[in-house]
Amino acid sequence: MQGKTAIVTGAAKGIGTAIAARFVAEGANVMLNDIDEKALSKVASKLSMPFCIADVTVKDDVLRLVKQTVGKFGRIDCLVSNVGGHNKLVQFIDVEEEDFDRVIRLNLKSQFLCGQAVARQMIAQGGGGTIINMSSINARIAIPTLTPYAVAKAGSTQLTNVMAISLGKHNIRVNAIGPGTILDEERMETIFGRADLKNRILSRTPLGRPGKPEEIASVAVFLATDDSSYLTGQTIYPDGGRMGLNLTLPVDE
């Protein structure tokens, strides 16, 4: 990725930070994005990269992010639409309309707005590019208390496919990553802070452990570079084997 320019949204923590750090290590210029200015500024200082505080669910903010990136680096070669978030854990009949709209906007509309704005810039500058949307295994397997999130991530998978078909003629490849359970700061405090929840997840994971943000970053580098030059419209699921499992496994204590 030497000399390439990338935007990484949701870069203030977890998978977003890991992807940005790996891109920088691979030689890329990275515009970091988030709405958490305090956390993002720390990441930016550590990586010696600029940042843009913008809400990527708002079109004007997305356009400002793209403009600021082009103004700083001259072009955009890669977009990682990583921003996302869960809904309140409730059954389908108890989902509130406001929560449904928020989760769809955060996980799906953000990818539409960012993808459209960046694709227009890539077409104008020429030379193609790569776009990576963050999906989830929840796009294909359902948890009954995560209705809005599952619907949004399924939408992300199909958005990725449609974008790839539409943008292929411009040499813009669009793929997605659908992680399984990744041990970031949030899950360390919630799921893996409780033995019962930890065992429930690991009993459905053949590799017997959660993934690391850095492992998702490795997939992102693959999709952002010519190592995946004939791959578009696909979603890669780094999930420790979880989606292929039709039973539960014993967990080592």
Side-chain angles (χ1 to χ4, degrees), residues 1-11 15-34 47 49-52 54 56-57 59-84 107-135 155-178 216-236 238:
M1 298 186 70
Q2 190 69 42
K4 300 289 186 180
T5 295
I7 293 174
V8 178
T9 71
I15 291 173
T17 298
I19 291 174
R22 180 63 186 275
F23 278 12
V24 171
E26 296 287 337
N29 300 310
V30 180
M31 178 61 74
L32 307 166
N33 161 259
D34 210 289
L47 298 180
M49 287 291 160
F51 65 91
C52 177
V56 291
T57 70
K59 184 175 181 179
D60 286 347
D61 277 24
V62 170
L63 295 178
R64 177 167 55 84
L65 171 61
V66 170
K67 183 178 181 180
Q68 188 168 322
T69 304
V70 174
K72 176 67 176 179
F73 296 117
R75 61 183 291 116
I76 302 172
D77 302 292
C78 177
L79 163 69
V80 181
S81 282
N82 171 69
V83 163
N107 291 278
L108 185 56
K109 184 179 180 181
S110 65
Q111 294 183 3
F112 163 73
L113 291 175
C114 290
Q116 186 179 71
V118 168
R120 287 172 174 167
Q121 171 61 33
M122 288 176 174
I123 292 169
Q125 69 194 21
T130 58
I131 296 175
I132 303 168
N133 293 324
M134 195 58 63
S135 185
S156 173
T157 297
Q158 188 66 331
L159 176 64
T160 297
N161 190 38
V162 172
M163 289 171 64
I165 294 168
S166 178
L167 298 173
K169 61 187 176 184
H170 301 290
N171 195 31
I172 298 172
R173 296 187 298 105
V174 188
N175 293 289
I177 304 173
I216 307 304
S218 294
V219 179
V221 170
F222 168 67
L223 292 176
T225 63
D226 286 344
D227 281 350
S228 60
S229 57
Y230 200 54
L231 195 68
T232 195
Q234 304 299 309
T235 301
I236 296 177

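Because the structure is predicted, anything quoted here is derived from the model rather than measured. Just the heavy atoms: all of them, side chains too, but no hydrogens, waters or symmetry mates, feed the values below.
- To the nearest 0.5 Å, the span separating CZ on R75 from OG1 on T69 amounts to 13.0 Å.
- R173 contributes a side-chain N or O that, together with a main-chain N or O of T225, makes up a donor-acceptor pair within less than 3.5 Å.
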Test side chain to side chain contact (heavy atoms under 4.5 Å, CB included) applied to S156 and M134, step by step: CA-CA 8 Å; S156 173; M134 195 58 63; over 6 Å; no
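- In this structure the side chain of N133 reaches within 4.5 angstrom of the side chain of M163, judged on heavy atoms.
- Summarising the geometry of V219 relative to P238, their closest heavy-atom pair is CG2-CG, 4.3 Å, with the distance given to 0.1 Å.
- For the atom pair NE2 (H170) and CD1 (I123), the distance works out to 3.5 Å, reported to the nearest 0.5 Å.
- Put simply, the residue from I132, L223, I216 that forms a side chain to side chain contact (heavy atoms under 4.5 Å, CB included) with I236 is L223.
- With contacts defined as side-chain heavy-atom distances shorter than 4.5 Å, the pair N29/K72 does not qualify.
- Smallest separation of non-hydrogen atoms from N107 and G84: OD1-CA, 3.1 Å.
- Between atom OG1 of residue T130 and atom NZ of residue K4 there is a gap of 8.5 Å, rounded to the nearest 0.5 Å.
- Of the possible donor and acceptor atoms, one in the side chain of N33 sits under 3.5 Å from a partner among the backbone N and O of A54.
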Steps toward side chain to side chain contact (heavy atoms under 4.5 Å, CB included) verdict (L167, M122): CA-CA 10 Å; L167 298 173; M122 288 176 174; over 6 Å; no
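- Across every non-hydrogen atom of F222 and S228, the tightest pair is O-OG, 2.7 Å.
- Rounding to the nearest 0.5 Å places OG of S81 at 10.5 Å from CG of L108.
- Going from atom OG of S135 over to atom CD of Q111 covers 7.5 Å, rounded to the nearest 0.5 Å.
- Here the side chain of T235 pairs no donor or acceptor atom with the backbone of A176 at under 3.5 angstrom.
- Proximity of Q121 to L79: side-chain heavy atoms (C-beta onward) are nowhere separated by under 4.5 Å.
- With contacts defined as side-chain heavy-atom distances shorter than 4.5 Å, the pair V30/L47 does not qualify.
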Pair T9-C114, side chain to side chain contact (heavy atoms under 4.5 Å, CB included): steps then yes or no: CA-CA 9 Å; T9 71; C114 290; 4.3 Å; yes
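- Considering every non-hydrogen atom in both N171 and G127, the closest pair reads ND2-O, 4.0 Å.
- Under the 3.5 Å distance criterion, the side-chain polar atoms of D61 are left unmatched by any main-chain donor or acceptor of V56.
- For D77 (side chain) and A6 (main-chain N/O), no donor-acceptor pair under 3.5 Å exists by modelled atom type.
- In terms of heavy-atom proximity, L231 sits nearest to N175 at O-ND2, 2.9 Å.
- The backbone N or O of A11 sits less than 3.5 Å from a side-chain atom of T17, completing a donor-acceptor pair.
- Separating the NZ atom in K109 from the NZ atom in K59 is a distance of 9.5 Å, to the nearest 0.5 Å.
- The shortest non-hydrogen separation linking G115 to I131 is O-CD1, 4.0 Å.
- T57 contributes no side-chain N or O that, together with a main-chain N or O of S110, makes up a donor-acceptor pair within less than 3.5 Å.
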